[in-house]
Every structure is written in C-alpha cells, then in structure tokens.
Amino acid sequence: MSVDDAETLPERPRRRRTPKPHAAGVKAVAAAAGVSLGTVSNVLNRPEVVSPLTRAKVESAMASLGFVRNESARQLRAGSSRILAYLMLDAGNPFFTDVAKGVEEAAQAAGLSVFLCTSSEDADREAAYLDLLEQQRVQGILITPIDQNSSRLRKLPSRGTPVVVVDRALDEGEHCSVAVNDVLGGELAISHLLELGHERIAYVGGPNTIGQVVDRREGARRALRTAGRPAADLVELTTGALTVAEGRGAGQRLAGLPADRRPTAAFCANDLLALGLLQQCVSLGLRVPEDLAIVGYDDIEFAEAAAVPLTSVRQPRQLLGRTAAELLLDESSNPDHEHQRVTFTPELVVRTSTRGTL
C-alpha cells in the first residue's frame, strides 16, 4: 500500500477514557448535610456527642453520596490501624481456624478487623509476616510461634507493636500468653491407655522444634514414670509435620513393625496425625481399637465425625482465641496493662477409637 493510499483511509475515532469516579469526601458530605467539617468528623469518630437529628442528616448525606471512610488516612494520622493480626502455625489445621473464630469475636466486639496469615511451620515465612505486619502498623499481633523465644518477637513491643502468644505457655518475658497445659494433656492421654491395659504405646508427633509436640511428649513420658513403666514402653515415631499425610506415613511405619514389637496403642500430637494414622491402619487391615487404640489431640470437629470416632484431648479453641485477643486489646489501649499468663486445663474426650462401641 502506497503512502497516498494510506492518506485516503478514514481516521479511526479516538476512544475517550472514562473518567475514574472520585469517592465523595468529608467536604462534600458537610456541604450536602449543611453542617461543618467538624460535625462530620464527630459523626465518624464521636457520634455520641452529635444530636440524633444532626447525625441522621449527616448519615443520610453519606448514604446518598456513597461516602466511604478513608481508613488509610485515619491510620496515617493515628499511627496505627484498627486491625489485629493472627499469625497461625497452619491454616490447614481446623484447630487454628477455630482459634481464629474466637479472635474475631473479640475484635468485632471492639469494632476492629482481623488479618489472618499462616507461617506454615516455616521460620522464614513467619519472620517475613512479622516484618510486614509491623510495617502495616497493625494494632497488635497474636501469634502461635515456631519459636516463642524468637528475638524478633521480643523486640516488637518495644517498637510499639504489642504481641500475645497463643497456644504456647510462657514463664516470663515481654508478652502475654494464652495456652493449654499440654504436659497435662499428654499425661491424660497415656494414663487413659495404660488404664485400658496397653503396655507398648507409640507417640506420633513432630517436628521437635514445635513446643506443643515437645510438651505433649513430656506429658506422655511423665505418665509412664508415674505408673512405674520403663521409658522404652513409649515408641517414638517422629513426623516432619502435623498433617494427615504425615499420620498416614506413621501408620505405614507402625504397621511394618514385627507383631511382637508393634505398639497396641498410639497417642498423636494432634488430631490430623491421628486421623491419618487411623486411615492408613484401617486400609492395611488393622482394626481400631482392637489391634490399635488411637488418641488424638485438639478434639477438632472431624474427630467425632471420623469413620471410627476419635478419642481426643480437648482444648477450648475459641476461648483461647477470644482470651488472647482481649489481652491484646487491653495491652494496646491500657497504659496500666500488666502481662498475664493464662493456662487452661485440657479434657480427655473418650470415643470408639480407644474403647470400641461404648
């Protein structure tokens, strides 16, 4: 095509850009309602000082203009947000989502939102989230840590971000903590199995960097010592994570042991491991509880709903979250706040996986 031909082509119409709509601001609201900017600010921040009639006029103007409060601007002025963060160990574990429900209950009652994130048992990921949350100026952080003695955790309060440790007991330090007595929980599980006549018991759990795994194993050992049993009666099957898949792997290893060395019962560090162990053993032809009795930990909803209902050590999951959030809210707003160490007592819930048809 020649240049002359190109000059005869019709010119394409130019597309007009649709102007981006601008959100209505407080000035527009004040003008529409016929009030001052200060009155609009009071309606947003201190509605109790505004007369009902004036407040209704301002709220009507907001609705008609589609006004949305600029929380980012408020955050810049205040130096903090109206957001709590919960950094959990594993979002795939229903225990932690139940704890999060309790956190949300307390936050909602205080007019705050909750940001949920998970470390997935990865220390580098946990550190990255802690840095991000501090940068976002969250009002406070709830965390189920990989290492409760982390230097990064210790430094956060001194820089203005309060921290409450969830599901880990602290003896002392810069934080409040809310936990369940996991050593006692391990004792309850093993004592129950000993009472049923089991002499060789497996402890399924790991990795050993997780404090709950260590404490529950210590409780198991303590129960054996109290009963006058040798430490060798506890067969430790260490797992790489607290997941169903790792539980299945432990079941494969356990079933492969010679019959004269195979434990007749297993205590798992959480219910996901116990459910995986249960699935694998049943698939290999082992009967639960006749060939292998199983106790889990946490008493998540799936424990009772399993093909063989699971005996489990119950934790007050939502109460843990709610209590932790209330402590965090007090620390973030109360200059006279004193750190607390709250420890709840676990409860053994006995079902078919240890006693057959009850």
Side-chain angles (χ1 to χ4, degrees), residues 81 83-104 106-107 112-170 173-180 182 204-217 238-247 249 268-273 276 297-298 300 315 317-318 320-325 327-328 331:
S81 70
I83 296 174
L84 300 183
Y86 177 32
L87 177 49
M88 61 183 78
L89 202 61
D90 178 11
N93 186 339
F95 167 78
F96 292 109
T97 53
D98 285 345
V99 171
K101 290 178 184 176
V103 172
E104 188 177 33
L112 274 65
S113 301
V114 179
F115 180 69
L116 300 177
C117 40
T118 177
S119 67
S120 299
E121 301 177 20
D122 182 322
D124 291 337
R125 181 171 175 148
E126 178 184 271
Y129 264 125
L130 288 174
D131 289 344
L132 175 64
L133 295 171
E134 185 179 21
Q135 292 163 15
Q136 293 295 320
R137 298 294 189 269
V138 295
Q139 190 161 324
I141 298 173
L142 300 139
I143 182 171
T144 302
I146 296 170
D147 176 12
Q148 70 267 25
N149 297 314
S150 159
S151 61
R152 184 178 261 100
L153 277 183
R154 290 200 305 270
K155 292 175 182 176
L156 282 170
S158 64
R159 296 202 296 249
T161 304
V163 172
V164 172
V165 173
V166 184
D167 197 36
R168 290 298 300 128
L170 299 180
E174 297 81 3
H175 317 301
C176 290
S177 66
V178 180
V180 168
D182 282 324
V204 182
N208 291 324
T209 52
I210 296 176
Q212 294 91 326
V213 172
V214 174
D215 286 351
R216 293 165 194 177
R217 181 183 60 200
T238 303
T239 61
L242 299 168
T243 63
V244 172
E246 288 286 333
C268 299
N270 78 350
D271 284 342
L272 296 184
L273 286 172
Y297 205 106
D298 293 336
I300 61 176
Q315 301 197 72
R317 303 178 299 279
Q318 288 186 226
L320 274 170
R322 188 165 61 250
T323 303
L327 288 173
L328 187 61
E331 183 173 354

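Numbering of residues begins at 1 and proceeds along the displayed sequence.
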message: To check you understand the geometry: which heavy-atom pair defines the closest contact between Gly205 and Ala269, and what is its length?
response: CA-CB, 3.9 Å

field: Least distance between heavy atoms, Glu331 atom then Cys176 atom
entry: OE1-SG, 4.3 Å

message: Can you tell me how far apart OG (Ser119) and CE (Met88) are? Round to the nearest 0.5 Å.
response: 9.5 Å

query: Taking atom CD of Gln315 and atom CD1 of Ile300, what is their separation to the nearest 0.5 Å?
result: 11.5 Å

- prompt: Rounded to the nearest 0.5 Å, how far does OG of Ser113 lie from CD1 of Ile83?
  reply: 6.0 Å

query: If only atom types and distance count, is the side chain of Ser150 paired as donor or acceptor with the main-chain N or O of Arg152 below 3.5 Å?
result: yes

- prompt: Yes or no on side chain to side chain donor-acceptor pair (under 3.5 Å) for Gln318 and Asp98, after CA distance, side-chain angles and deciding distance?
  reply: CA-CA 6 Å; Gln318 288 186 226; Asp98 285 345; over 6 Å; no

- request: Determine the minimum heavy-atom distance between Val166 and Ala324, stating which atoms define it.
  value: CG2-CB, 3.7 Å

Partner of Glu126 under side-chain contact (heavy atoms from CB on, under 4.5 Å), chosen from Asp147, Leu153, Ile143: Ile143

- request: Any chance you could measure Leu116, atom CG, to Leu84, atom CG, to the nearest 0.5 Å?
  value: 10.5 Å

message: Could you tell me if the side chain of Thr118 sits less than 4.5 Å from the side chain of Arg125, heavy atoms only?
response: yes

- request: For residues Ala123 and Ile146, report the shortest heavy-atom separation together with the two atoms involved.
  value: N-CD1, 3.3 Å

- prompt: Could you give the distance from CG (Leu273) to SG (Cys268), rounded to the nearest 0.5 Å?
  reply: 5.5 Å

query: Do Gln148 side-chain atoms and Val165 backbone N/O form a donor-acceptor pair below 3.5 Å?
result: no

query: Should Leu320 and Phe95 be marked as a side chain to side chain contact (heavy atoms under 4.5 Å, CB included) after you check the CA-CA gap, both sets of side-chain angles, and the distance that decides it?
result: CA-CA 11 Å; Leu320 274 170; Phe95 167 78; 3.9 Å; yes

task: With rounding to the nearest 0.5 Å, note down the distance linking CZ in Arg168 to CG in Asp215.
output: 5.0 Å

Heavy-atom donor-acceptor pair, Thr239 side chain to Gly206 backbone, under 3.5 Å: yes

task: Begin from the C-alpha positions of Leu89 and Ile210 and carry the test side chain to side chain contact (heavy atoms under 4.5 Å, CB included) through to its verdict.
output: CA-CA 10 Å; Leu89 202 61; Ile210 296 176; 4.2 Å; yes

message: The test is side chain to side chain contact (heavy atoms under 4.5 Å, CB included); show your working for Asp182 and Tyr297 and say whether it passes.
response: CA-CA 10 Å; Asp182 282 324; Tyr297 205 106; 2.8 Å; yes

- prompt: What do the steps show when you test Thr161 against Leu133 for side chain to side chain contact (heavy atoms under 4.5 Å, CB included), and what is the final call?
  reply: CA-CA 9 Å; Thr161 304; Leu133 295 171; over 6 Å; no

- prompt: Just one of Asn270, Thr144, Asp167, Asp298 clears the side-chain hydrogen bond (donor to acceptor under 3.5 Å, both in side chains) bar with Gln212, so which one?
  reply: Asp167

- prompt: So among Val213, Asp271, Val204, Asp90, which one has a side-chain contact (heavy atoms from CB on, under 4.5 Å) with Leu242?
  reply: Val213

Atom of Gly240, atom of Pro207 and distance for their closest heavy-atom approach: O-CD, 3.5 Å

